[in-house]
Amino acid sequence: MVTLHTAEEIERARSAGHAAAQVLAMIIPFVRPGVTTDELDRRCHDFIVHELGVIPANIGYHGYTRTLCTSVNHVVCHGIPDNKTLKDGDIVNIDVAVINDGWFGDTSRMYFVGEPSAQARRLVDVTYLSMLAGIRAVRPGARLGDVGAAIQQVAEKAGFSVVKDYCGHGIGRVYHDTPDVLHYGKAGTGMRLRPGMIFTIEPMINAGKDDTDVLSDDWTVVTQDGSLSAQWEHTVAVTAEGFDLLTPWPDGNGYHPAI
């Protein structure tokens, strides 16, 4: 069963989503060569707790001990912050979730560390466009397969691959809820979307093949072939007219197209 949320409940989810988005905007000037992902994690933790007054959702989740997931270069997702320093040319996904008054907010975005390679920039840009295509496919009466197919078409047309081992998810008063939101699929198939659904769209796109491995820490997911990977994530609600973006970044979309 998928929870259908009321307008009031969507507003509460929006408050949590806005808080998570503020974290990702705050950390922008600190993502630079020489910084450790540990430091980024500490700064975000302090901002969440002391500035926003909300709860870091990841700490304690299935034994996870950090505030962020920081996925650098060939790390697909769930990278654990540590004392390694970022270097010029790295790309990093920062994924954050918070709890505000019992509601979860979840979003992630990509950052360039210094000047990225042309391939890295193209991968990051195409991944954003794939997320955008998936979000724009959300409307009442559409199907989850429409979302996945839209994402897959953009990524594969650019010569990249869609990670199939991980997906988006329902969210609200539960962190990871139904439905599963695949980032690939066939249009016209899957669950029909209904107003009141809330879920994340968070495609992971690889420069090489889509195969992944999990490292010995049981968290960090990497590309099997060592190729670069990128991810963007937003939380959306299905409305009577289409979709409602619950995690807009307060600093805007930069050079990326508006959602």
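Every heavy atom of this structure was used, including side-chain atoms; hydrogens, water molecules and symmetry mates were not. No experiment lies behind these values; they were computed from the predicted model shown.
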For side chain to side chain contact (heavy atoms under 4.5 Å, CB included), just list the numbers for T37 and K84, CA-CA rounded to whole Å, side-chain angles, deciding distance to a tenth of an Å, and then say yes or no.
CA-CA 7 Å; T37 49; K84 295 190 182 83; 5.7 Å; no
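- Between the side chains of T212 and D165, at least one donor N or O sits under 3.5 Å from an acceptor N or O.
- In terms of modelled atom types and a separation under 3.5 Å, the side chain of T220 and the main chain of G79 share no donor-acceptor contact.
- Here the CG atom belonging to N93 is positioned 5.5 Å from the CE atom belonging to M110, to the nearest 0.5 angstrom.
- Rounded to the nearest 0.5 angstrom, D95 CG and R109 CZ are separated by 12.5 Å.
- For the residue pair S229/N206, the side-chain donor-acceptor check at 3.5 Å is satisfied.
- The backbone N or O of T247 lies less than 3.5 Å from a partner atom in the side chain of H234, making a donor-acceptor pair.
- Nearest approach of Y175 to D106, heavy atoms of both residues: CE2-OD2, 3.8 Å.
- Interatomic distance, CD1 of I205 versus CG of D210, reported as 10.0 Å (0.5 Å rounding).
- Considering every non-hydrogen atom in both T67 and N58, the closest pair reads O-ND2, 2.9 Å.
- Summarising the geometry of P179 relative to V2, their closest heavy-atom pair is CD-CG1, 4.0 Å, with the distance given to 0.1 Å.
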Apply side chain to side chain contact (heavy atoms under 4.5 Å, CB included) to residues V23 and I48 and explain how you reach the verdict.
CA-CA 7 Å; V23 179; I48 290 168; 3.5 Å; yes
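- Aromatic pair W103/H5: ring centres closer than 6.0 Å.
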Just do the side chain to side chain contact (heavy atoms under 4.5 Å, CB included) check on T178 and M1 with the steps written out, would you?
CA-CA 7 Å; T178 53; M1 297 293 293; 6.0 Å; no
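- For the residue pair H45 and P56, the shortest heavy atom distance occurs at CD2-CG, 3.8 Å.
- Checking side-chain atoms of W219 against main-chain N and O of C69 turns up no donor-acceptor pair under 3.5 Å.
- At least one side-chain heavy atom of F199 sits less than 4.5 Å from a side-chain heavy atom of V238.
- Both M191 and I135 sit in one connected hydrophobic cluster of ILVMFWY residues. Membership requires side-chain heavy atoms under 4.5 Å apart, directly or through other members.
- Partner of C77 under the side chain to side chain contact (heavy atoms under 4.5 Å, CB included) criterion, chosen from E233, M204, E202: M204.
- Atom CD of E9 sits in a crowded spot, with more than 12 heavy atoms from other residues, nucleotides or ligands closer than 6.0 Å.
- Taking the centre of each ring, Y166 and H183 stay at or above the 6.0 Å mark.
- With hydrogens and angles disregarded, a donor-acceptor distance shorter than 3.5 Å links the side chain of R66 to the backbone of P81.
- Aromatic ring pairs are classed by plane angle as parallel below 30°, tilted from 30° to 60° and perpendicular above 60°; the pair Y128 and W249 is tilted.
- The closest side-chain heavy-atom distance from R194 to L4 is below 4.5 Å.
- Of the possible donor and acceptor atoms, none in the side chain of Y61 sits under 3.5 Å from a partner among the backbone N and O of T65.
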Would I198 and V236 satisfy side chain to side chain contact (heavy atoms under 4.5 Å, CB included), going step by step from the backbone distance to the final call?
CA-CA 6 Å; I198 302 176; V236 299; over 6 Å; no
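- Once rounded to the nearest 0.5 Å, the distance linking CD1 of I55 with CZ of F104 reads 8.5 Å.
- Side-chain heavy atoms closer than 4.5 Å link hydrophobic residues (I, L, V, M, F, W, Y) into clusters, and following such links, even through other members, never connects L246 to L144.
- Side-chain contact between V181 and C167 is absent, with no heavy atoms from C-beta onward closer than 4.5 Å.
- Using a 4.5 Å cut-off on side-chain heavy atoms (C-beta onward), V75 and V221 make no contact.
- Ion pairing of D211 with K209 is absent here, as no side-chain N (NZ or NE/NH1/NH2) approaches a carboxylate O to less than 4.0 Å.
- Panel note: side chain R139, backbone R136; a donor-acceptor pair is recorded below 3.5 Å.
- Closest non-hydrogen pair, S227 versus G208, comes out as OG-N, 3.1 Å.
- At a threshold of 4.5 Å between non-hydrogen side-chain atoms, the residues I27 and R43 count as touching.
- Although no hydrogens or angles enter the test, the distance criterion places no donor-acceptor pair under 3.5 Å between the side chain of T36 and the main chain of N83.
- Remark: side-chain polar atoms of D146 are paired, donor with acceptor, to backbone N or O of R143 under 3.5 angstrom.
- Distance check, rounded to the nearest 0.5 Å: OG of S161 to CG of D225 gives 7.5 Å.
- Judged by distance alone, the side chains of E8 and T6 never bring a donor and an acceptor atom under 3.5 Å apart.
- Distance alone, capped at 3.5 Å, is enough to place a donor-acceptor pair between the R122 side chain and the A158 backbone.
- Using a 4.5 Å heavy-atom cutoff, the side chains of Q231 and V76 are not in contact.
- When all heavy atoms of A120 and S117 are compared, the pair lying nearest together is N-OG, 3.0 Å.
- Considering only heavy atoms from C-beta on, W232 stays 4.5 Å or farther from L132 through its side chain.
- For the pair R121 and F112, the cation sits on the ring face: its NZ or CZ lies under 6.0 Å from the ring centre, inside 45° of the axis.
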Let me see the working for Y111 and D90 under side chain to side chain donor-acceptor pair (under 3.5 Å), right down to the final yes or no.
CA-CA 9 Å; Y111 300 80; D90 284 345; over 6 Å; no
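- Note that NE2 of H18 is 10.5 Å distant from OG1 of T107, once rounded to the nearest 0.5 Å.
- At least one side-chain heavy atom of L40 sits less than 4.5 Å from a side-chain heavy atom of I94.
- When atom types are taken as modelled, the side chain of Q224 and the backbone of D213 share no donor-acceptor pair closer than 3.5 angstrom.
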